[in-house]
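Below you'll find the structure, written out as C-alpha cells, and then a few comments.
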There are 2 protein chains.
Amino acid sequence: MQLKNQVEWALHCCSILAGVPEGHFLSSKALAEFHGVPKEYLAKALQALSQAGLVETTLGPSGGYRLAKKPKDITFLDIVEAVEGKGSTFVCTEIRGNNPCLPEGHCNRGACAIARVMWEADAAWRAKLRAVRLSDVAKMLVEDVPAKILGDVAEWVRVRS
Amino acid sequence: MQLKNQVEWALHCCSILAGVPEGHFLSSKALAEFHGVPKEYLAKALQALSQAGLVETTLGPSGGYRLAKKPKDITFLDIVEAVEGKGSTFVCTEIRGNNPCLPEGHCNRGACAIARVMWEADAAWRAKLRAVRLSDVAKMLVEDVPAKILGDVAEWVRVRS
DNA sequence: GACCCGGTACTCGGATATAATATGTCCGAGTCTGTACGG
DNA sequence: CCGTACAGACTCGGACATATTATATCCGAGTACCGGGTC
C-alpha cells in the first residue's frame, strides 16, 4: 500500500498556493515548472482539489488556481482525501460470513473484530492529518528554509501570478 | 490507496491459527475453505507470513501452518507489515529539490516539512496496529460471537489439524 | 513381532498469466486579455 | 480621448494510451505417512 505521488504534489502545490497574492491565480503550468513534474498529469491532482472545493479556478490568460479557503481552514486530511478519496484504507469483505460453522441464516451483528481494529488505526491516521493545517506548513518552512530562499520563492510566485 | 485483500485474509488466518492445538498444523487448503477464498492465492499471503517468521510450516500429509510465536507476542502490525511491507505509506520524492529558486549546489537539511507530517501520521497508524495483539482478538471474539459457534469452530479446526 | 525400506499422496514454494489501478499524454471547450476600430 | 467589438492566446477539464501493481492460477520440489517385505 502506498499513497499516490499526486498526494505529495497536491500538498506541495497547496503550500505554494498559500503564498499567492490576494486576487491572483497561479497556473498549473507554473506549478508544474516549479516542482519539476509533468504539467498535464499534475493537472489531474489539481482537478481533484478543485472538485473537492479546496481551490478555485479561472480560465484565460493570467488564470489558474488559488485557495478557496484560508490556509488556516485547510487541513492535510482535506487534501489527502481530495486526491485519495475518503474511503478507509481497510475494506472488510466480510469473509467471516463464509465460515462453514455458521448456522443457516446466521446474521453477524456489528463489524467484525479485525475490521474494528483496522478502522481504529485508520482513524488515528486521519486524526493526525486533520490536526495539521496548511497554515502550519508556513511556520515550519520559516524554521527550515533560509529567509533568502523563502523570499525568492515569494517573488517567483508573485511574478507568475 | 487501499490495503490488499491479503491483509484481511492474513489477519483472519492468524486468528484461526491461534486456535490450532499444540503440535498440530493447519493446511492452506483448510484455511482457504474456511474463509471461502481461492486456495492458491491465499497461499501467497501465508508465504509472506512465513518469510516474516510469524508462522512455521511443515510439508507432507497433516502438514500446514502454525504460529511461530505465542498469540500474545504477535501484533497486528507484524502481520500487516509482513504482507504490505515495512515501507511508509508516504514516500517523499524530494520534489522540493526542483525548486528553481534554489541556489546552485544547495543541500536540503533534514526531511521536508510535508514529509514529516505524513510520516508522523503513518507512525500513528502503525502505533495503533502495534498496540493490538493476536491474543486480544480472541478476547473480542468471545464477546462478539456466541459460545456455540466458537465451540464449533474450535472443533472444526481440531478435526482438520 | 519389530524394524527397515520404498511408494504414494499430500504439503508448501516459487514461477507464470490476467485484471485493475496508477501514471502519463493528448486534444477540445471556454474565457480573459489586449488591440484595433469607430464614435 | 473613450467605449466597444473582435481576434488571439492562454487556461482548465475531461477523454485517451501506457506502466506498474494487485489478483488469480498453475506446476514442480520436497517430505511425512502408510504399507509391504525382511530379519
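Numbered from 1 within each chain, the chains take letters A, B, ... in sequence-line order.
- Taking 4.0 Å as the cut-off between side-chain N and carboxylate O, A:Glu81 and A:Arg126 count as a salt-bridged pair.
- Residue B:Lys29 has its side chain nearest to C:dT11 when only D:dA32, D:dT11, C:dT11 are considered.
- The nearest whole Å value for the distance from the CZ atom in B:Arg66 to the C1' atom in C:dC12 is 15 Å.
- Across D:dT25, C:dT25, D:dG30, the shortest atom-to-atom separation from the side chain of A:Pro38 is found for C:dT25.
- Nucleotides of DNA chain D nearest to B:Gln6 and B:Leu59 differ in position, and the one nearer the 5' end is that of B:Gln6.
- Side-chain atoms of B:Ser50 lie closest to C:dG13 of the nucleotides C:dG13, C:dT23, D:dG13.
- Distance CG (B:Leu26) to C1' (C:dC10): 14 Å, rounded to an integer number of Å.
- Checked against C:dA9, C:dT23, D:dG13, the side chain of A:Thr57 finds its nearest nucleotide in D:dG13.
- Annotation: of the two residues near DNA chain C, A:Lys4 and B:Ser27, the 5′-most nearest-nucleotide partner is B:Ser27.
- One finds a side-chain N or O of B:Ser28 lying less than 4.0 angstrom from the OP1 or OP2 phosphate oxygen of C:dC12.
- Nearest nucleotide to the side chain of A:Asn5, out of C:dT23, C:dC12, D:dC33: C:dT23.
- Straight-line distance from the CE atom of B:Met1 to the C1' atom of C:dT21: 14 Å, rounded to whole Å.
- Relative to the side chain of B:Tyr41, the nucleotides D:dG13, D:dT25, D:dT11 differ in distance, and D:dT25 lies closest.
- Using a 4.0 Å cut-off between a side-chain N of Lys or Arg and a carboxylate O of Asp or Glu, B:Lys86 and B:Asp78 do not qualify as a salt bridge.
- Between the NZ atom of B:Lys39 and the C1' atom of C:dG13 there is a distance of 11 Å, given to the nearest Å.
- Using a 4.0 Å heavy-atom cutoff across all strands shown, B:Gln51 reaches sugar-phosphate atoms only and no base atom.
- Rounded to whole Å, atom P of D:dT21 lies 17 Å from atom CG of B:Leu3.
- The separation between B:Leu49 atom CG and C:dG14 atom P is 13 Å, rounded to whole Å.
- Ion pairing between a basic and an acidic side chain is recognised when a charged N comes within 4.0 Å of a carboxylate O; B:Arg116 and A:Asp144 show such pairing.
- When the nucleotides C:dC32, C:dA15, C:dT23 are ranked by their closest atom to the side chain of B:Lys44, C:dA15 comes out on top.
- Of the candidates D:dC10, C:dG13, D:dG13, the closest approach to any side-chain atom of B:Glu40 belongs to C:dG13.
- Among the nucleotides C:dT11, D:dC12, C:dG13, the one closest to any side-chain atom of B:Gln47 is C:dG13.
- Look at CG on A:Leu46: it is 10 Å from C1' on D:dC12, rounded to the nearest Å.
- With respect to B:Glu33 and B:Arg160, a salt bridge is recorded, a charged nitrogen being found less than 4.0 Å from a carboxylate O.
- For the residue pair B:Glu8 and A:Thr93, a side-chain donor N or O sits within less than 3.5 Å of a side-chain acceptor on the partner.
- Side chain of A:Tyr65, nearest nucleotide from D:dG30, D:dC12, C:dT33: D:dC12.
- The NE2-P distance, from A:His24 to D:dC10, rounds to 19 Å in whole Å.
- Between A:Lys70 and A:Asp73 there is no salt bridge, since none of the side-chain N atoms of the basic residue sits less than 4.0 Å from a carboxylate O of the acidic one.
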